[in-house]
Amino acid sequence: APVKEPAPAAASGEPGRLKVGANSPFELSIAHRRYTQLQAGRGIDLEPGSYRIRLDCIRCPEGTDPLQVDVEVKSGEETRRVLTFGQGG
């Protein structure tokens, strides 16, 4: 089999990967698209750039606010965020 050249990490337009976790079951929203907790944990490929992500808690007490945070996705890199519900922030 021919040897594949490793692609340069800075290849233009290469997506980055965002992995999101939290202390409670959640549904993730990015740019008006929704993702399950399983998808968020495996990693979501996104174009490089800045995103506001939102986590809606599935089993939190009534009145628990969704979490919103801005993340920077870099081309060819993995970005990880672990968030905590119920900290009153």
Inset, instruction - Taking all non-hydrogen atoms of both residues into account, name the closest pair between Ser24 and Gln37 and its distance. - result: O-NE2, 4.1 Å
Inset, instruction - Taking all heavy atoms of Glu72 and all of Ser50, pick out the closest pair and write down the distance. - result: OE1-CB, 3.6 Å
Inset, instruction - Group every Ile, Leu, Val, Met, Phe, Trp and Tyr by side-chain heavy-atom contacts under 4.5 Å, then state whether Val20 and Ile58 land in the same group. - result: no
Inset, instruction - State the CZ-CG distance between Arg81 and Asp70, to the nearest 0.5 angstrom. - result: 9.5 Å
Inset, instruction - Step through the shown structure and confirm whether more than 12 heavy atoms of other residues, nucleotides or ligands are within 6.0 Å of NZ on Lys19. - result: yes
Inset, instruction - Over all heavy atoms of both residues, which pair between Tyr51 and Glu47 is shortest? Give the atoms and the distance, please. - result: OH-O, 2.6 Å
Inset, instruction - Give the minimum heavy-atom separation between Asp45 and Pro15, together with the two atoms involved. - result: CB-CB, 4.3 Å
Inset, instruction - List the steps and the verdict of side chain to side chain contact (heavy atoms under 4.5 Å, CB included) for Ile30 and Leu18. - result: CA-CA 10 Å; Ile30 306 172; Leu18 176 65; 3.9 Å; yes
Inset, instruction - Kindly say whether Glu14 contributes a backbone atom to a donor-acceptor pair with the side chain of Ser75 at under 3.5 angstrom? - result: yes
Inset, instruction - Check whether any side-chain N or O of Asn23 sits under 3.5 Å from a backbone N or O of Phe85 as a donor-acceptor pair, and report yes or no. - result: yes
Inset, instruction - Enter the distance from Leu28:CG to Leu38:CG here, rounded to the nearest 0.5 Å. - result: 12.0 Å
Inset, instruction - Could you grab the distance from atom CZ of Arg17 to atom CG of Leu46, nearest 0.5 Å is fine? - result: 10.0 Å
Legend entry - Spacing of CG belonging to Leu55 relative to CG belonging to Asp65, to within rounding of 0.5 Å: 13.0 Å
Legend entry - Arg34, CZ: over 12 other non-hydrogen atoms inside 6.0 angstrom: yes
Inset, instruction - Over all heavy atoms of both residues, which pair between Gly86 and Thr64 is shortest? Give the atoms and the distance, please. - result: N-CG2, 4.3 Å
Legend entry - Nearest-0.5 Å distance that lies between atom CD in Gln68 and atom OG in Ser29: 9.0 Å
Inset, instruction - Hey, could you give me the CZ/CG distance between Phe26 and Leu83, rounded to the nearest 0.5 Å? - result: 8.0 Å
Legend entry - Non-hydrogen atoms of Ala40 and Ile44 that approach each other most closely: CA-CD1, 4.0 Å
